[in-house]
Amino acid sequence: MAPREHAAKRPSASYDVRRFGSKRAEERFNESFSRRKLQHERPVHLDDFQDSPVHDWLVGRGWTPLLTATGDACMELVQEFYANIISRPTEDYAFQTHIRGDSLDFDATDVCRVLGIRDPPMQQYPPAPGQVNYHDVAQVLCGRPRPWYDGLIF
């Protein structure tokens, strides 16, 4: 009979590797996220804002898909998602998180796709001096053309 091969033993981690990508993520979860209550989604009725600039902001920015509740969420997974999230330094607006033993890479475009909202244009920041068009700034902030006069958006 051939000798049995033994799998190499890994040193035991000092954190729950199934739930966290690092010891620091577990500490962040225990210090902050596990103690916080999460706010459950609630629907927003756009008609309630007809006479308010909020209505135009939500519609103009393409955020109306965010106004309806999407169902139940597993609070523990949501907390782990945020406790494990880190920025990917090689890419702008790119992140990685660790959920129940799996890594998840995503960026701003992925978030917009999941939420059903349009991807905002990426702008170089800070712009070169003298190249700021404040009417363009107002359009990006408001989601549609708006004039900007003396620091006021109309």
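Starting from 1, each residue takes its place in the sequence as its number. Any value given below was found using the heavy atoms of this structure, including those in side chains, with hydrogens, waters and symmetry copies removed.
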Between Arg19 and Glu76, is any pair of side-chain heavy atoms under 4.5 Å apart?
yes

Smallest heavy-atom separation, Gly21 atom then Asn84 atom, equals N-OD1, 2.9 Å

Same apolar cluster: Leu104 and Tyr82, side chain cutoff 4.5 Å:
yes

State which residues pass side chain to side chain donor-acceptor pair (under 3.5 Å) with Arg28; sequence neighbours excluded, sorted by chain then number.
none

Reported CD-to-CG distance for the pair Gln79 and Asn30, which is rounded to 0.5 angstrom
10.5 Å

Between the OG atom in Ser22 and the CD atom in Glu27, the distance rounded to the nearest 0.5 Å is 8.0 Å

Of all residues at least two apart in sequence or in a different chain, which pass the side chain to side chain donor-acceptor pair (under 3.5 Å) check with Asp56?
Arg144

Considering residues at least two apart in sequence or located in another chain, which fulfil the side chain to side chain donor-acceptor pair (under 3.5 Å) criterion with Ser32?
Arg36

Using atom types as modelled and distance alone, determine if a side-chain donor or acceptor of His98 lies under 3.5 Å from a backbone N or O of Val17.
yes

Please identify each residue that fulfils side chain to side chain donor-acceptor pair (under 3.5 Å) with Arg88, with sequence neighbours left out.
Glu91, Asp105

If you take all heavy atoms of Tyr15 and Phe20, which pair is closest and at what distance?
CE1-O, 3.4 Å

So does Asp51 have more than 12 non-hydrogen atoms from other groups sitting under 6.0 Å from CG?
no

So, taking the atom named NZ in Lys23 and the one named CG in Asp16, what distance separates them when rounded to the nearest 0.5 Å?
11.0 Å

Just to verify, what does Thr90 make a side chain to side chain contact (heavy atoms under 4.5 Å, CB included) with, not counting sequence neighbours?
none

Gap between atom CD of Gln50 and atom NE2 of His45 - 0.5 Å precision
13.5 Å

Taking only residues two or more places apart in sequence, or in another chain, which ones meet Phe81 in a ring-ring contact (aromatic ring centres under 6.0 Å, His included)?
Phe106

Closest non-hydrogen atom pair between Gly116 and Pro65, with its separation
O-CG, 3.0 Å

Partners of Val54 by side chain to side chain contact (heavy atoms under 4.5 Å, CB included), sequence neighbours excluded?
Phe49, Ser52, Trp57, Leu58

Excluding sequence neighbours, so at least two apart, what forms side chain to side chain contact (heavy atoms under 4.5 Å, CB included) with Ser87?
Phe95

Note, Leu46 side chain near Thr64 side chain (heavy atom, < 4.5 Å):
yes

Under 4.5 Å between side-chain heavy atoms, hopping through other hydrophobics if needed: is there a path connecting Val59 to Leu115?
yes

Check whether any side-chain heavy atom of Ile85 lies under 4.5 Å from a side-chain heavy atom of Gln96, and answer yes or no.
no

Search all heavy atoms of Ala25 against all heavy atoms of Ala83 and return the closest pair with its distance.
CB-O, 3.5 Å

